[in-house]
Asks: 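Can you keep this structure in mind? I'll have questions shortly.
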Amino acid sequence: MERHFETELEKLHHRLMKMAGIVVNQIIGSLKALQECDVEAARGIIEQDRKVDKLDNKIDKLCQRIFALTQPVATDLRFIMSALKINNDLERMGDHAVGIALKIETLAENRELVSSVDLNDIVLQIGKLMEKMVTILAERSTTHIFDIFDLASEIHDRIEVHSKEIIDEMTRKSEIIVVATNLMLVLTQIDRIVAYTKNIAESMVFVVEGNLVKHAKPVRLNPEITSEPEKDNR
Amino acid sequence: MLHYGSKMALNKITVDIPENEVTALIGPSGCGKSTYLRTLNRMNDLIPGVQISGVVKIDGLNIYNRDIDVVNLRKKVGMVFQKSNPFPKSVFENVAYGPRINGINDKKKLQEIVESSLIKSAIWDEVKDRLHDSAMGLSGGQQQRLCIARALAVNPEIVLMDEPASALDPISTSKIEELIFELKKSYTIVIVTHNMQQAARVSDYTAFFYLGELVEFGRTKVIFTAPTKKQTEDYITGRFG
């Protein structure tokens with residue numbers, strides 16, 4: 001049976017996908033701009049933030065309207081609750097991409113240091129991570145959940161390694177402290193983006209299976225938790 | 001199992017209805033939820049051609065045993081219907097009717113029962129100055145609460161409600177819902193409702209019926225957030241029914 005608010009739910013899904021598209025572009029773009037110390041590209045990413053903020057408000061209002069007018073339950077309720085959270089997570093991810101872009105001008109002052117840290121592996125993995133995140137959002141599925149948690153963990157480990165390298169470099173050359181600190185902050189921003197991607201994956205588990213898996217640590221190390229999760233909403 | 005003539009209306013329903021909680025029966029029209037409700041105080045016995053098999057136990061006793069006194073059973077298991085049906089008598093007499101036929105004639109005792117029943121039904125303040133006026137002069141919502149008072153006057157353990165608020169405006173509906181919330185402290189309530197949100201608001205447990213069968217029974221908060229059966233999910237989200 002066609003329901004009168006089906007179009008509203010489709011619109012919500014469509015807007016979330018649009019939001020995800022812009023944010024993923026910001027993230028990939030900011031990392032590319034970072035590697036190339038491309039200040040012009042960084043400005044473009046910062047400008048996109050306005051679009052993200054506008055869409056963020058639009059999605060919030062749409063959720064509010066669906067809640068007020070249709071009193072959703074079960075799968076619809078879970079989807080709209082999660083849409084609010086995912087929207088928030090995406091907006092924060094966009095903010096971190098902007099945060100990276102904002103530092104590019106300073107980092108461009110010491111291109112050698114930036115190029116001495118091999119970010120290729122992280123950029124590649126972030127690309128894969130974003131692709132999988134967009135897929136689970138588009139398909140409303142949990143098929144890539146473990147891949148997402150594994151990738152997130154690998155990226156986190158790589159960030160730790162690079163952070164240590166940068167600290168070692170700083171202790172040797174005090175003149176690079178400002179640039180090196182900025183580079184460390186960029187790595188922290190990447191780490192936060194990865195953490196938000198994990199949140200989104202957890203939200204999708206809630207949408208699809210109705211189980212809350214957030215805080216159910218260590219999800220990544222114990223596959224049983226996601227395949228047969230705790231029913232803590234009961 | 002319950003048949004109306006050759007038509008099967010209920011098939012193998014097994015459910016434990018918890019004491020002092022509100023259980024909502026939901027499902028599309030003709031799914032058997034009202035029929036099931038009426039098995040709990042043997043109201044179906046009055047329908048010609050009905051055949052019933054199975055067991056309904058209240059306090060451990062099968063109410064379909066031959067030696068069960070149906071009048072006593074209905075005292076213990078009161079009922080409120082969709083359309084308020086006060087007797088064409090005064091407010092007082094409506095509530096005093098049940099206790100009176102149970103042999104209570106002491107005027108003071110009757111007054112006490114009438115007052116406490118009307119207080120429990122959250123209508124006392126509205127009718128205390130017109131106890132001897134005709135009940136037919138009350139509004140629809142007041143008449144429905146009067147009928148609840150009449151059901152409570154014989155001191156039941158269980159109150160069955162068949163769409164008690166479906167003919168009422170939103171304010172009267174919310175009064176009935178508040179009342180249900182209060183009443184569950186002292187009574188076990190089973191309510192049939194077509195209003196999904198009402199089921200979600202007032203009940204602790206929900207039973208979803210479809211084509212005479214019980215598809216899913218569970219805590220309302222689970223049924224309305226993550227039901228386990230797809231049919232339940234489709235029905236409560238409005239995908240069919």
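Chain naming here is simple, since letters A, B, ... match the order of the sequence lines and numbering starts at 1 in each. Bear in mind that the values here come from a model prediction, so they are computed numbers and not experimental data.
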Asks: Does the side chain of T75(A) come within less than 4.5 Å of E233(B)'s, by heavy atoms?
Replies: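 Yes, close enough: below the 4.5 Å cut-off.
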Asks: Kindly check if the number of other-residue, nucleotide or ligand heavy atoms within 6.0 Å of CD1 (I171(B)) is above 12?
Replies: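 For I171(B), atom CD1 is not crowded (no more than 12 foreign heavy atoms under 6.0 Å).
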Asks: Tell me whether D16(B) at atom CG has more than 12 heavy atoms from other residues, nucleotides or ligands lying less than 6.0 Å away.
Replies: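 It does not: D16(B) CG has 12 such atoms or fewer within range.
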Asks: Can you confirm whether more than 12 heavy atoms, excluding those of E139(A), are under 6.0 Å from its CD atom?
Replies: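 Atom CD in E139(A) is crowded, with more than 12 foreign heavy atoms closer than 6.0 Å.
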Asks: How close do Q197(B) and Q71(A) get, heavy atom to heavy atom, and via which atoms?
Replies: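 Looking at all heavy atoms of both residues, the closest pair is NE2-O, 3.3 Å.
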Asks: If every non-hydrogen atom of L77(A) is compared with every non-hydrogen atom of T225(B), which pair is closest and at what distance?
Replies: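 In this case the closest contact between L77(A) and T225(B) is CD2-CG2, 3.9 Å.
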Asks: Can you tell me if NZ on K198(A) sees more than 12 non-hydrogen neighbours from other groups inside 6.0 Å?
Replies: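 At most 12 heavy atoms, drawn from other residues, nucleotides or ligands, come within 6.0 Å of this atom.
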